[in-house]
Amino acid sequence: MLAGVPVVGGLQAAGIVVSQKGRMFHPDSLSVTKGETVIIVNDDSDLLHHAYIESPTFSFDSGDQDPGSRTPVVFTQPGIFQVLCGIHPKMKLTVRVN
């Protein structure tokens, strides 16, 4: 593991990167394929973030994310999911999983 991202053969595993900066997700919506990895990166230099998803079909909780941390999420279920920040309630990321 390298900063929370799986390492395969010395290289970081591929994934779609979503930045958390300025109390916002960038981008704030995306579409992925079932089984695809999204890497949530805390790009704020002085703020903690705490990404989570609560859904009847899929849940995720990053725990507190220090500045610079990278947290992979593998979307294993199809659907539309809201990724929220437990610290900054206005932060929202919509992920459509096909």
Side-chain angles (χ1 to χ4, degrees):
M1 286 264 195
L2 177 65
V5 178
V7 174
V8 179
L11 301 173
Q12 280 189 354
I16 297 169
V17 175
V18 173
S19 173
Q20 299 171 102
K21 186 153 181 78
R23 294 182 176 97
M24 296 177 67
F25 287 105
H26 302 278
D28 63 0
S29 66
L30 56 98
S31 292
V32 300
T33 303
K34 180 180 166 186
E36 199 160 8
T37 300
V38 173
I39 301 167
I40 301 174
V41 180
N42 183 348
D43 283 323
D44 277 315
S45 62
D46 59 347
L47 296 174
L48 281 178
H49 290 291
H50 188 125
Y52 71 94
I53 299 169
E54 287 183 6
S55 163
T57 59
F58 183 76
S59 63
F60 163 78
D61 191 320
S62 69
D64 286 347
Q65 297 172 278
D66 291 322
S69 66
R70 302 170 65 86
T71 305
V73 184
V74 179
F75 285 89
T76 58
Q77 299 296 319
I80 299 173
F81 303 100
Q82 286 282 316
V83 181
L84 304 170
C85 179
I87 299 171
H88 308 103
K90 292 184 180 182
M91 290 178 65
K92 294 183 175 135
L93 164 66
T94 302
V95 180
R96 177 185 297 274
V97 182
N98 301 308

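- To the nearest 0.5 angstrom, I16 atom CD1 is 7.5 Å from T33 atom OG1.
- Between S69 and the choices D43, I40, N42, V41, the side chain to side chain contact (heavy atoms under 4.5 Å, CB included) rule is met once, by N42.
- Between F60 and P72, the closest heavy-atom pair is CE1-O, 4.1 Å.
- Distance CD1/I80 to OG/S29: 10.5 Å, rounded to 0.5 Å.
- Shown here for A51 and Q65, the closest heavy-atom pair between the two residues is N-OE1, 3.2 Å.
- Nearest heavy atom pair, residue G35 against residue V74, reads O-CG1, 3.6 Å.
- The distance from the CG atom of L84 to the OH atom of Y52 is 4.5 Å, given to the nearest 0.5 Å.
- Using a distance-only test at 3.5 Å, with no hydrogens or angles considered, no donor-acceptor pair links the side chain of D64 to the main chain of H50.
- What you find for N98 and S31 is that their closest heavy atoms are ND2-CB, 4.2 Å.
- Taken together through direct or relayed side-chain contacts under 4.5 Å among Ile, Leu, Val, Met, Phe, Trp and Tyr, L47 and V18 form parts of separate hydrophobic clusters.
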Might you work through the side chain to side chain contact (heavy atoms under 4.5 Å, CB included) test for V32 and F81, ending with a clear yes or no?
CA-CA 11 Å; V32 300; F81 303 100; over 6 Å; no
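- Taking CZ from R23 and NE2 from H49, the interatomic distance works out to 8.0 Å, rounded to the nearest 0.5 Å.
- We find the CG-CG distance between L48 and D66 to be 5.5 Å, quoted to the nearest 0.5 Å.
- When all heavy atoms of Q82 and T94 are compared, the closest pair comes out as NE2-OG1, 2.7 Å.
- In this structure, M24 is not a member of the same hydrophobic cluster as V83, with clusters built from ILVMFWY side-chain heavy atoms closer than 4.5 Å.
- Between the CD atom in Q77 and the CD1 atom in I53 there is a gap of 11.5 Å [rounded to 0.5 Å].
- Between V38 and F75, the shortest heavy-atom distance links the atoms CG2-CE1, 3.6 Å.
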